[in-house]
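One structure is given here, and the rest of the page talks about it.
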Amino acid sequence: MQVNILNILLISTLVIALPIIHWMKGAYLRDMNPTAARVLKNWLMFIVAILLLRALVGTLFMVGGFSHWSVQKFYPIRIAYPNYGILGGLPYVVIGFGILVYLRDICNFTASSPSRYVLLAAFSIVLSVTYGGIHGGLITGNIGVAGGSNHIHDASLNATVAETFSTHSDRIAGQIEPGYKAAHTLSHPAGSLAYWQFMTRAVSPVVFSLVNVVILSFAFPVMYWALRRHHPDKDAIQVVIGCMVTPAILVYGRSDDAIYYAFAAVIMAISYISIKEKRYLLTLATGVLLAVAMNISYASFILLPALMSFNGNEQLRKIWTHLRRVAPHALMIIAAVIIMIGATQKYSGYRYVDSFLASVKHNSGTNIVHMLNNGHYWTVLNDRIMTISDILLFGGPLFLYIFYVLLIRADWNIRGWHIRNMALAVLALVLMINSNGPGEISRPWGSVYLIVGFIWFVEILARESEATRWWMLRAQLLWALALQIPLNFAW
């Protein structure tokens with residue numbers, strides 16, 4: 001066991017990190033386009049840091065006995081194993097690289113077609129199914145978590161959807177037996193389980209996954225529609241493609257979490273238009289959709305502050321102007337959510353707040369305050385490092401470049417800071433501090449990639465030449481393929 005861990009965590013650093021460092025010192029980066037060189041250099045530095053981190057973790061385990069469950073896995077990726085289905089997935093690897101090579105042509109054709117919205121959704125479906133097929137073929141590779149025994153067990157506990165809603169909080173609290181088995185069920189609202197219940201009884205696991213893919217694909221035309229109302233077509237299509245090829249979206253895009261991603265992206269796009277154009281009917285629709293999203297994932301709690309802070313480019317000195325602009329929309333959305341949640345409790349017996357508190361109590365042993373009080377300092381530190389690594393690994397080079405650009409442009413003139421950039425920093429800090437446990441961080445918070453990409457990709461890409469933009473998008477997809485080919489995340 002110790003020899004295997006030493007080989008994986010220490011020797012891999014020597015055979016991978018050192019050649020990368022040597023290559024970065026060569027002339028190749030100096031001869032590249034400056035932006036492309038920065039994107040590549042930042043990403044390689046991050047990968048080298050990950051490899052050195054693996055070496056440190058392996059050394060601490062060997063010398064000091066500091067251990068955690070993922071030390072024997074692909075640290076800092078929490079849940080993964082080798083892609084044993086690579087032979088069956090080779091045709092899809094070829095297709096994936098074909099998409100990579102012709103990405104620009106595919107997207108230009110899509111944007112110029114009268115059926116651009118349909119083609120955009122279709123491209124998302126083809127890309128996601130191809131990406132899943134790398135793990136053993138069309139059927140095997142796209143089943144993912146839809147075949148999980150614990151999830152199926154939980155979905156079968158209640159005879160009707162109404163019963164699922166009415167008993168959810170009591171099952172989490174252990175007041176009704178049998179209880180839930182899947183950690184996913186214990187940490188999600190009843191709507192997520194109700195969706196599982198319906199789909200597992202109606203279709204096979206692979207069809208379940210493909211339905212998730214199709215539903216997520218609907219979000220991209222909506223994002224494109226919203227962006228092209230205020231930006232050139234080429235900018236809008238590139239931003240949407242950048243979101244679409246982000247590794248987290250491709251990795252988890254066949255799971256039931258993709259349904260929440262779709263809601264979050266649509267909510268962001270609709271609110272973007274409603275706030276910019278003062279279209280209050282769209283604001284009301286945003287509130288209704290947010291109430292539904294809150295019954296799918298508790299991660300939706302971040303959406304309202306994100307909508308109110310990300311939709312605008314005011315500086316801190318103009319904060320009152322910003323608040324006056326977004327306050328009516330915020331009040332309408334809050335009112336719609338309260339009415340919807342109240343109606344759900346009245347007609348289904350589902351106590352949303354009780355379920356949320358039951359989930360919080362069930363997971364209380366893994367919150368940062370509890371762990372610090374119990375002296376688990378190494379685990380807390382390790383979880384913070386793994387959270388940062390996990391979010392960036394599944395965000396890809398484009399997301400790392402967003403933070404790089406925002407950092408180098410920052411100054412000490414606080415009144416000149418942009419409100420949305422400050423809100424993004426706060427969101428990143430909250431995710432880093434609050435995220436614990438053995439599960440992946442990028443999966444439950446996957447909607448963040450679409451929300452952030454929708455707003456900041458426009459700014460990042462608009463400053464670059466056409467060729468550089470497509471280089472950056474291809475780099476994003478290339479990293480997604482580089483993750484998927486050797487590793488299986490079981491999603």
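Between His151 and His184, the angle of the ring planes lies from 30° to 60°, which puts this pair in the tilted group. Tyr195 and Phe208 have perpendicular rings, their planes meeting at more than 60° on a 0 to 90° scale where under 30° would count as parallel.
Annotation for Trp479 and Leu393: closest pair NE1-O, 2.7 Å, computed over non-hydrogen atoms.
No hydrogens or angles considered: nothing links the side chains of Asp257 and Ser297 as a donor-acceptor pair under 3.5 Å. Side chain to side chain, Asp154 and Thr185 meet the donor-acceptor criterion of an N or O pair below 3.5 Å. Looking only at atom types and distance, the side chain of Ser169 has a donor-acceptor partner in the side chain of Arg351 under 3.5 Å away. A donor atom on one side chain and an acceptor atom on the other are found under 3.5 Å apart for Thr283 and His329.
For Arg420 and Trp456, the positive end sits near the middle of the six-membered ring, less than 6.0 Å away and at most 45° from its axis.
Taking CE from Met244 and OG1 from Thr246, the interatomic distance works out to 10.0 Å, rounded to the nearest 0.5 Å. Between Ile249 atom CD1 and Ser128 atom OG the span is 10.0 Å, to the nearest 0.5 Å. Annotation: the span from Phe165 atom CZ to Tyr352 atom OH amounts to 11.0 Å, rounded to 0.5 Å. Interatomic distance, CD1 of Ile50 versus OG of Ser389, reported as 3.5 Å (0.5 Å rounding).
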**OP:** Check the pair Ile485 / Phe97 against side chain to side chain contact (heavy atoms under 4.5 Å, CB included), numbers first and verdict last.
**Re:** CA-CA 11 Å; Ile485 291 170; Phe97 277 98; 3.7 Å; yes

**OP:** Could you give me the CA-CA distance, side-chain angles and deciding distance for Gln484 and Leu250, then say whether side chain to side chain contact (heavy atoms under 4.5 Å, CB included) is met?
**Re:** CA-CA 9 Å; Gln484 185 80 344; Leu250 290 173; over 6 Å; no

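Shown here is Leu429, whose CG atom has more than 12 heavy atoms of other residues, nucleotides or ligands within 6.0 Å.
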Side-chain donor-acceptor pairs of residues 330-342 under 3.5 Å, sequence neighbours excluded:
none

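Partners of Phe263 by ring-ring contact (aromatic ring centres under 6.0 Å, His included), not counting sequence neighbours: none found.
When the options His188, Arg171, His168 are evaluated for a side chain to side chain donor-acceptor pair (under 3.5 Å) with Tyr180, the one that passes is His168. Partner of Tyr252 under the ring pair (Phe, Tyr, Trp, His ring centres under 6.0 Å) criterion, chosen from Tyr260, Phe394, Tyr261: Phe394.
Taking the side chain as every heavy atom from C-beta outward, Ser274 and Tyr280 never approach each other to under 4.5 Å.
Note on residues 114-140: pairs passing ring-ring contact (aromatic ring centres under 6.0 Å, His included), not counting sequence neighbours, are Tyr117-Tyr224.
In terms of modelled atom types and a separation under 3.5 Å, the side chain of Asn83 and the main chain of Gly85 share a donor-acceptor contact. Side-chain atoms of Ser359 come within 3.5 Å of backbone atoms of Leu186 as a donor-acceptor pair (strictly under, hydrogens ignored). Between the side chain of Ser209 and the backbone N or O of Ile143 there is at least one donor-acceptor pair closer than 3.5 Å.
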